[in-house]
**Student:** 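Okay, handing you the structure first.
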Amino acid sequence: MPQSLAKLLVHLIFSTKNREPCIDPEVRPHLHAYLVGILDRLNCPSQQTGGVADHVHILFLQARTLACSDVVEEVKKGSSKWMKTQGVPQFTWQAGYGAFSVGESQAAAVVRYIQGQNGHHQHLSFQDEFRRFLEKYRVAYDERYVWD
């Protein structure tokens with residue numbers, strides 16, 4: 001086969017450092033748009049971006065030529081710098097992240113999940129939500145090293 005083809009959907013989740021609720025509702029849609037712009041520049045189009053005061057969820061198409069860790073690094077670095085220009089001088093993201101593969105048949109459900117973040121987090125903390133993802137995807141983890 002002379003051509004390399006791929007379609008990889010990734011559900012990316014990461015929080016602010018120490019889960020500080022520093023993403024104000026007024027700036028949140030602008031941050032999400034900025035994240036979408038970074039992903040577009042990387043040829044990793046966002047299918048849905050959302051979140052709440054202390055974390056974000058992004059469903060994106062992984063570029064065939066980039067490692068997931070490189071995409072995450074660019075997204076977090078660029079958006080952290082942008083948040084500092086928005087009056088949050090101490091803004092920083094957590095060191096780690098979660099990236100989960102999503103099948104095409106599940107993409108619409110993930111989009112709805114991301115769109116419903118405000119509702120989910122009226123009853124569920126970020127930590128509990130993230131633990132559920134780790135368990136759902138059978139990711140082995142040590143609780144001592146998940147949070148910063």
Side-chain angles (χ1 to χ4, degrees), residues 1-86 88 90-121 124 126-127 129-142 145-148:
M1 180 182 208
Q3 193 175 21
S4 298
L5 303 169
K7 184 173 186 182
L8 303 172
L9 286 166
V10 177
H11 183 179
L12 175 64
I13 307 168
F14 54 91
S15 77
T16 58
K17 178 87 170 171
N18 299 315
R19 289 147 321 278
E20 291 292 328
C22 56
I23 306 171
D24 291 333
E26 302 80 37
V27 77
R28 200 171 301 153
H30 304 288
L31 170 62
H32 297 164
Y34 197 82
L35 293 165
V36 168
I38 294 170
L39 288 163
D40 283 346
R41 183 178 52 78
L42 296 172
N43 198 27
C44 294
S46 170
Q47 307 301 289
Q48 185 66 50
T49 299
V52 292
D54 65 351
H55 71 280
V56 296
H57 289 255
I58 305 170
L59 178 64
F60 70 94
L61 284 169
Q62 174 72 48
R64 183 181 53 80
T65 57
L66 292 174
C68 187
S69 59
D70 294 335
V71 173
V72 174
E73 179 181 359
E74 290 300 313
V75 165
K76 289 170 71 175
K77 180 173 61 174
S79 59
S80 180
K81 288 179 182 176
W82 182 83
M83 283 293 288
K84 289 174 180 161
T85 70
Q86 302 304 301
V88 191
Q90 302 303 318
F91 185 86
T92 187
W93 295 113
Q94 72 175 104
Y97 62 91
F100 306 97
S101 61
V102 175
E104 182 65 33
S105 64
Q106 294 302 311
V110 174
V111 166
R112 285 189 303 274
Y113 183 84
I114 293 171
Q115 290 171 338
Q117 280 295 289
N118 285 330
H120 301 316
H121 291 289
L124 186 67
F126 171 72
Q127 292 96 323
E129 176 188 48
F130 196 70
R131 283 185 198 101
R132 286 183 183 180
F133 274 99
L134 294 172
E135 291 164 11
K136 176 181 177 181
Y137 284 92
R138 298 183 181 154
V139 176
Y141 67 98
D142 185 330
Y145 304 110
V146 175
W147 317 114
D148 65 350

**Student:** Would you sort out whether Phe91 and Trp93 count as a ring pair (Phe, Tyr, Trp, His ring centres under 6.0 Å), showing the intermediate values?
**Tutor:** CA-CA 7 Å; Phe91 185 86; Trp93 295 113; 4.8 Å; yes

**Student:** For Lys77, what residues pass the side-chain hydrogen bond (donor to acceptor under 3.5 Å, both in side chains) criterion, not counting sequence neighbours?
**Tutor:**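 Lys77: side-chain hydrogen bond (donor to acceptor under 3.5 Å, both in side chains) contacts with Glu74.
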
**Student:** Quick one: does His55's side chain get under 4.5 Å of His121's, heavy atoms only?
**Tutor:**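 Yes, side chains in contact.
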
**Student:** Check whether more than 12 heavy atoms from other residues, nucleotides or ligands sit under 6.0 Å from atom CD of Gln90, and answer yes or no.
**Tutor:**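 No, CD of Gln90 has 12 or fewer neighbouring heavy atoms, counting only those of other groups under 6.0 Å.
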
**Student:** Flag this pair as yes if the NZ/CZ of Lys76 is under 6.0 angstrom from the six-membered ring centre of Phe14 and inside a 45 degree cone about the axis; otherwise no.
**Tutor:**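 Yes, a cation-pi geometry.
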
**Student:** Does any part of the side chain of Leu9, heavy atoms only, come nearer than 4.5 Å to the side chain of Leu61, both counted from C-beta?
**Tutor:**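 Of all side-chain heavy-atom pairs linking Leu9 with Leu61, at least one is under 4.5 Å.
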
**Student:** A side-chain contact here means heavy atoms from C-beta on lying under 4.5 Å apart; do Leu59 and Ser46 qualify?
**Tutor:**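 No; the side chains remain at least 4.5 Å from each other.
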
**Student:** One pair to check against side chain to side chain contact (heavy atoms under 4.5 Å, CB included): Trp82 and Val27. What are the steps and the verdict?
**Tutor:** CA-CA 11 Å; Trp82 182 83; Val27 77; 3.8 Å; yes

**Student:** Show your working on side chain to side chain contact (heavy atoms under 4.5 Å, CB included) between Arg28 and Asn118 and close with a plain yes or no.
**Tutor:** CA-CA 12 Å; Arg28 200 171 301 153; Asn118 285 330; 3.9 Å; yes

**Student:** What are the two closest non-hydrogen atoms of Ala99 and Val10, and how far apart are they?
**Tutor:** CB-CG1, 3.9 Å

**Student:** Shortest non-hydrogen contact from Phe126 to Ser15?
**Tutor:**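 So the two residues come closest at CE2-CB, 3.6 Å.
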
**Student:** At their closest point, which heavy atom of Gln117 faces which heavy atom of Tyr113, and how far apart are they?
**Tutor:**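 So the minimum-distance heavy-atom pair works out to NE2-CE2, 3.3 Å.
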
**Student:** Determine, step by step, whether Gln48 and Val110 satisfy the side chain to side chain contact (heavy atoms under 4.5 Å, CB included) criterion, reporting the C-alpha distance in whole Å, the side-chain angles of both residues, the deciding distance to 0.1 Å, and the verdict.
**Tutor:** CA-CA 8 Å; Gln48 185 66 50; Val110 174; over 6 Å; no

**Student:** Would you say the rings of Phe130 and Tyr141 are close, in the sense that their centroids are separated by under 6.0 Å?
**Tutor:** no

**Student:** Show, in sequence, the C-alpha distance, side-chain angles and deciding distance for Ile114 and His11, and conclude whether the side chain to side chain contact (heavy atoms under 4.5 Å, CB included) test is met.
**Tutor:** CA-CA 9 Å; Ile114 293 171; His11 183 179; 4.2 Å; yes

**Student:** Locate the shortest heavy-atom distance separating Cys44 from Leu66; write the atom from each residue and the value.
**Tutor:**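 Heavy-atom minimum between the residues: SG-CD1, 4.3 Å.
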
**Student:** Could you give the distance from CD (Glu73) to SG (Cys68), rounded to the nearest 0.5 Å?
**Tutor:** 12.0 Å

**Student:** Backbone N or O of Leu8 within a donor-acceptor pair of the Gln62 side chain at under 3.5 Å?
**Tutor:** no

**Student:** Which heavy-atom pair separates Ser80 from Thr92 by the least distance, and what is that distance?
**Tutor:**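 Smallest interatomic distance, heavy atoms only, reads OG-CA, 4.1 Å.
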
**Student:** Does any part of the side chain of Gln86, heavy atoms only, come nearer than 4.5 Å to the side chain of His30, both counted from C-beta?
**Tutor:** no

**Student:** Under a 4.5 Å cut-off applied to non-hydrogen side-chain atoms, are Val52 and Ile23 in contact?
**Tutor:** no

**Student:** Are Leu35 and Val75 side-chain neighbours, meaning at least one heavy-atom pair lies under 4.5 Å?
**Tutor:** yes

**Student:** Should we say atom NZ of Lys81 is surrounded by more than 12 heavy atoms from elsewhere, each under 6.0 Å from it?
**Tutor:**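 No, because the 6.0 Å sphere around NZ of Lys81 holds 12 heavy atoms or fewer from other groups.
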
**Student:** Quick one: pull up OG1 in Thr49 and CD1 in Ile58 and give me the separation to the nearest 0.5 Å.
**Tutor:** 5.0 Å

**Student:** Which heavy atom of Leu42 sits nearest to which heavy atom of Ala63, and what is that distance?
**Tutor:** O-CB, 3.8 Å

**Student:** Quick one, Phe60 and Val71 - any side-chain contact, counting heavy atoms below 4.5 Å?
**Tutor:** yes

**Student:** Report yes if the side chains of His120 and His57 come closer than 4.5 Å at any heavy-atom pair, otherwise no.
**Tutor:**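 Counting from C-beta outward, His120 and His57 never come under 4.5 Å.
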
